[in-house]
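Let me begin by presenting the structure, written as structure tokens, before commenting on it.
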Amino acid sequence: MNIQSKNRSVLSDFFSIAFLLMAMILSGCQAETKTDSDEQSNNNTAPVIDENHRVAVCASEGAQCGVVRDKSGNSISCGSCDGSETCSNNRCETSCSLNQIDDGPFDGLFAYVPTQFAYEDQSENQHSVNTKLLPRNYGGEFPFESAVDMKAKKMEMDFGEKTLSLPLTISFKAIANEKNQTDNLLNTNLLSVDEINGQLQVKLTNNQVTVLNDKSNMKSRSCNHIAVRLTENEIKTSFNGHAVSKQANLNSIGHLAGSLSLGEYEGRIWDIRVFDNALNDSDIKKLGKECDDAQDMVVENPEFPNYLCGVYQCMYWPANVEDTTMDSFEYQLSGHDMTWEHNVMDTGMYVHGALCAEYEKSRNLELTDGYRKSWVSKFNFENPWNQYVLHENFHAYQKRTGGSTKFLAESSASWGAFTMKPTAYDTLLGMYTLQPHLALWTKQDSVFEDGIIDYSKGGHQYGASIFEWYVTHYVLADNAMGKVFNRDRFDLAPLTGSPAEAFYNVIKDGGYDMREVFVDFAARITTWDVDYGDTFLKSEIGSFNRMNGNNKKSDSPIPDEEVDNKISVFYDENGTKGNWVAVPARYKVSAWAFNAYEVSVDESVSYKLGINPSTNNPDYAEFRAKAVVYNEATGERRYTDLPVTSAGIAVTTNVIAHKGEKLYLIVASTPSTKFTDYEAYAYDYLIEKQ
């Protein structure tokens, strides 16, 4: 049994250090491609960067506009959109009408920045908006970067030469990170808006007039609405529907000028509007109706009168519900906001070019009895969503693009779970990694050459998520997945229309070669040399136990070695004893698949490793090969590429390994024009002790 043999000696050590490693990872040691830096967006100011480097970074991040980080943490400007488009999440999208983005009045807008949608001023003034990315915290259950998480961003709206005199109104929505926190929300030259132990304080800058609105407390699990209205003789604040006024002579207060700053705030801020007039009470109520403490918003369905609203949607449920706690309702709201941010905004799981229409669709949820009892009541902040829920939730978003296939639907749904929660436990993962010789796009009805092992191949389409996770974690950004779903709109798969060809071209457009990416991926997952590798290994072991348990219960069980095929052949220190050996017929490799061969090293010595592709393969067959030397005691890995070769031409390289280490030869099938079907390709390999 490959995985059991390979890991039996380290399983006890693994379980003793797993929690320590997980804690280290969650505390900040995540993706090497995602680093910290100051970033400015919209006006696209950035350091002077070599043009080739700039183009490559923007391509790898899938950025058409705005600013992104390179691997060194430098801010890279990716340009701007034309006047008919808005830069939303580094994509140029058709500009929206304001009522497609949010509700409430828009007349008299001096500035409008809906940060949940775009970091641009949507008013006619088009003030530039500078966004500074702050050091990121990768910890927590869901470490992906939220599009609206202000604790990792600081924004400044530059008014330029434009000024605004009294009367005026400032309105925005927010969700605090914690109850009763103290933090600054907003600053201008006229005033600051602060949260003081959960209560709202507005302070005028010039004459030190302070208004404390203690009629409400800042909610940390649903939305808050804040409005500040200034006239010549009054400051009026509205906080979740509660008004507090203070009379003051504001004739000498001056103009709103310079800039408006948001954050660094421990929470979320969105729907920021500045009006050149004093809104009446009715308009202020419309702006914050879903956040008011009184909960007197008119509901569409009187059978679902209770509600909570977040950044992206509101949830409704019947009266007198006793089987679901408020904690679970609040968690469900938080979870759905999170998945909307990830699955649509970050991933791009919508019809590209039609984000406004997607955003305008109803996003509200009625929590029916069946849904509430099967999903909502079971999860809360102490018991967060598992891999299954995240997987099924992702299906609801991917269907909107119309670009799915059975393979892509299941692999990307598991990818969505891994992307949001890399520590998710998934016992389908190993149905890919324990059968790596099968084609990337294998599914339950795939037909292979007689004799090739394909046990539990139906799970392969789920486990292929690990390749997609590797690509978006180490090579490209998460929005690569949205591009694959939109492949027909951008002619990314002209030969086959298949997702695999789209991946090849998306990776190519990002400045990389999928052939090199794939062999690197194969080499690294052989010993789980990736972020969260320890938790992926736990899933792989769980997969083996699941598959082998089913096998043992079957009427005609197969040998254990046909359940776990991660290592094609195990060798002692002598390797192939100087002989060229054909890939075993049971493990002949399909397109975009690989074999791994393991050698136990008993002394420090050099090995000659080689491959020789068969001349009987089709002309388009290609291979990449890599050597891995793994020291289990220290965790060190050393990688060596073998030269690229053609059919019938043997190539070799020498690799030094030391006593107690494991040596792996990885042979990957990487045909750059083959993205469908289930052909098998042959080659010879050499592992010779020198």
Side-chain angles (χ1 to χ4, degrees), residues 1-11 14 406-407 410-411 414 425-467 522 525-528 536-572 576 581-600 662 664-669 677-685 687:
M1 295 192 306
N2 300 352
I3 188 171
Q4 300 287 8
S5 299
K6 187 168 90 67
N7 294 308
R8 186 182 296 115
S9 64
V10 300
L11 277 179
F14 162 73
K406 179 63 174 174
F407 156 73
E410 300 301 351
S411 63
S414 289
Y425 181 67
D426 184 3
T427 58
L428 291 170
L429 173 69
M431 298 186 188
Y432 176 92
T433 60
L434 301 183
Q435 304 227 42
H437 57 290
L438 303 183
L440 174 66
W441 48 85
T442 296
K443 55 188 190 300
Q444 58 265 43
D445 59 353
S446 302
V447 179
F448 293 93
E449 183 179 302
D450 287 345
I452 291 179
I453 298 171
D454 61 1
Y455 180 69
S456 290
K457 62 186 176 183
H460 203 272
Q461 60 197 338
Y462 298 84
S465 58
I466 190 61
F467 172 70
I525 68 166
T526 296
T527 67
W528 287 115
F536 286 131
L537 174 58
K538 288 177 67 176
S539 290
E540 187 176 66
I541 294 170
S543 297
F544 173 81
N545 292 333
R546 176 179 177 175
M547 289 190 291
N548 205 38
N550 292 336
N551 177 47
K552 298 295 187 185
K553 294 175 184 177
S554 68
D555 294 334
S556 302
I558 61 176
D560 289 352
E561 60 268 21
E562 293 193 13
V563 177
D564 173 12
N565 307 285
K566 188 169 188 178
I567 306 301
S568 298
V569 184
F570 289 93
Y571 288 101
D572 63 17
T576 62
V581 179
V583 57
R586 61 200 290 120
Y587 299 128
K588 284 178 68 177
V589 68
S590 296
W592 300 102
F594 65 93
N595 302 121
Y597 304 93
E598 180 186 294
V599 180
S600 295
K662 297 291 179 63
Y664 297 92
L665 173 62
I666 311 297
V667 182
S669 168
D677 299 330
Y678 304 95
E679 297 174 333
Y681 310 119
Y683 60 87
D684 294 337
Y685 64 96
I687 305 174

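All values below come from the heavy atoms of this structure, side chains included, with hydrogens, waters and symmetry mates left out. Throughout, residue positions are numbered sequentially from 1 according to the sequence presented.
Put simply, the side chain of Thr526 reaches to within 4.5 Å of the side chain of Ile666, judged on heavy atoms. Between Thr433 and Ile525 there is a side-chain heavy-atom pair separated by less than 4.5 Å. The side-chain heavy atoms of Asp426 and Ser414, taken from C-beta on, include a pair separated by under 4.5 Å. At a threshold of 4.5 Å between non-hydrogen side-chain atoms, the residues Leu434 and Val563 do not count as touching. Looking only at side-chain heavy atoms (C-beta outward), Gln461 and Leu428 stay at 4.5 Å or farther from each other. Using a 4.5 Å cut-off on side-chain heavy atoms (C-beta onward), Val583 and Tyr681 make no contact. Between Ser600 and Asp572, the closest side-chain pair of non-hydrogen atoms is not below 4.5 Å.
Judged by distance alone, with hydrogens and angles left aside, the side-chain atoms of Asn595 form a donor-acceptor pair with the main-chain N or O of Tyr587 at under 3.5 Å. His437 contributes a side-chain N or O that, together with a main-chain N or O of Ile453, makes up a donor-acceptor pair within less than 3.5 Å. In this structure, Trp441 contributes its side chain and Asp677 its backbone to a donor-acceptor pair below 3.5 Å. Panel note: side chain Asn545, backbone Gly542; no donor-acceptor pair is recorded below 3.5 Å. Formation of a donor-acceptor pair under 3.5 Å by the Ser543 side chain with backbone atoms of Thr427 is found in this model. Between the side chain of Ser539 and the backbone N or O of Tyr425 there is no donor-acceptor pair closer than 3.5 Å. Distance alone, capped at 3.5 Å, is enough to place a donor-acceptor pair between the Lys457 side chain and the Ser446 backbone. Between the side chain of Ser669 and the backbone N or O of Ala593 there is no donor-acceptor pair closer than 3.5 Å.
Between Ser465 and Ser411, the closest heavy-atom pair is CB-O, 3.2 Å. Scanning both residues, Leu665 and Tyr685, for their nearest heavy atoms gives CD2-CB, 3.9 Å. Summarising the geometry of Val569 relative to Pro584, their closest heavy-atom pair is CG2-CG, 3.8 Å, with the distance given to 0.1 Å. Scanning both residues, Tyr432 and Gly463, for their nearest heavy atoms gives CB-C, 3.4 Å. Residues Ala680 and Ile452 come closest through the heavy atom pair CB-CD1, 3.6 Å.
Heavy-atom neighbours of Asp450 CG from other residues, nucleotides or ligands within 6.0 Å: at or below the threshold of 12.
With values rounded to the nearest 0.5 angstrom, His460 atom NE2 is found 10.5 Å from Leu429 atom CG. Here Phe448 contributes atom CZ and Thr442 contributes atom OG1; the two are 3.5 Å apart, rounded to the nearest 0.5 Å. Taken from CZ in Phe570 to NZ in Lys662, the straight-line distance is 8.0 Å, to the nearest 0.5 Å. How far CD of Gln444 is from CD of Glu410: 8.0 Å, rounded to the nearest 0.5 Å. One finds the CG atom of Asp454 at 9.5 Å from the CD atom of Glu562 (value rounded to the nearest 0.5 Å).
The aromatic rings of Tyr597 and Tyr571 lie tilted to each other, with the angle between the two planes from 30° to 60°.
Under a 4.0 Å N-O distance rule, the pair Lys566/Glu540 qualifies as a salt bridge.
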